[in-house]
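Everything below concerns the one structure shown next.
In this text, all values refer to a predicted model and were calculated from it rather than measured experimentally.
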Amino acid sequence: AQSVAQPEDQVNVAEGNPLTVKCTYSVSGNPYLFWYVQYPNRGLQFLLKYITGDNLVKGSYGFEAEFNKSQTSFHLKKPSALVSDSALYFCAVGVVWRRALTFGSGTRLQVQP
Amino acid sequence: DAGITQSPRHKVTETGTPVTLRCHQTENHRYMYWYRQDPGHGLRLIHYSYGVKDTDKGEVSDGYSVSRSKTEDFLLTLESATSSQTSVYFCAISADNEQFFGPGTRLTVL
């Protein structure tokens, strides 16, 4: 069985400061890892993914994430937060990419001006 | 949006009535999924399909059935809706090592 933990329900950060949204996972085998963002009353939008290769993955809107196999983590980061980054963020894991993903419970990011 | 539409976008129904949600895609993708989103639970897989007439259960499949008679359409049916099935339902497809999601259907069961 595979699982994802997002330990923070909400993260608050001031505009211009760096942000981190945490994600840890548990799978049997090599993981495929994803971050999605959801704005109010919208569907999920893809941010970035790790399948294989470089542990540092760069994605949309200046976000990046680092795959850490020993810590089974895939934290989402951004050097300088924007108010417009305020949204709900989901981490997801899969083992075989064509199968369904297992999602974390989500972290609400609030960026204050 | 990978050409995914969902209908209806909003529905209010009463306990015990049957409900069918439709997911339609225009790009001939093989894999399609139904998830439900609830506060504190993220998205949970209900059913998925890996081809016409080929479907399988997800982690929260009780009370739901699906059908896929054409590549482009994946239907989710609540045979007898219950209040616990009040949720937002998302359809998704797999393409290019990513999943793309539809706009969602907000279902309220009174």
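In the hydrophobic clustering of this structure, A/Leu56 does not group with A/Phe74; members are Ile, Leu, Val, Met, Phe, Trp, Tyr whose side-chain heavy atoms approach within less than 4.5 Å, directly or through other members. Residues B/Leu45 and B/Leu75 do not share a hydrophobic cluster, clusters being chains of Ile/Leu/Val/Met/Phe/Trp/Tyr side chains in contact below 4.5 Å. B/Val52 and B/Tyr31 fall into different hydrophobic clusters, where Ile, Leu, Val, Met, Phe, Trp and Tyr are joined by side-chain heavy atoms under 4.5 Å apart, directly or via other members. A/Tyr61 and A/Leu19 fall within a single hydrophobic cluster, where Ile, Leu, Val, Met, Phe, Trp and Tyr are joined by side-chain heavy atoms under 4.5 Å apart, directly or via other members.
Between A/Ser105 and B/Gly40, the shortest heavy-atom contact is CB-O, 3.4 Å.
By the 4.5 Å heavy-atom criterion applied to side chains, A/Leu44 and B/Leu43 are counted as neighbours. Taking 4.5 Å as the limit, some side-chain heavy atom of A/Leu101 sits within range of a side-chain heavy atom of B/Tyr35. Contact check for B/Phe90 versus A/Gln38: side-chain heavy atoms found under the 4.5 Å cut-off.
Listed by first and then second residue, the salt bridge (charged side-chain N to carboxylate O under 4.0 Å, His left out) pairs involving residues 31-47 of chain B are B/Arg36-B/Asp38, B/Asp38-B/Arg44 (not counting sequence neighbours).
Under the 3.5 Å distance criterion, the side-chain polar atoms of A/Tyr32 are left unmatched by any main-chain donor or acceptor of B/Glu98. Within the 3.5 Å criterion, the main-chain N or O of B/Gln99 finds a donor-acceptor partner in the side chain of A/Tyr36.
Within a 6.0 Å radius of CD in A/Gln112, more than 12 heavy atoms belonging to other residues, nucleotides or ligands are found.
Of residues 81-91 of chain A, those residues with a non-hydrogen atom less than 4.5 Å from any non-hydrogen atom of chain B are, in numerical order, A/Leu88, A/Phe90.
Heavy atoms closer than 4.5 Å to chain A are found nowhere in B/Gln6, neither backbone nor side chain.
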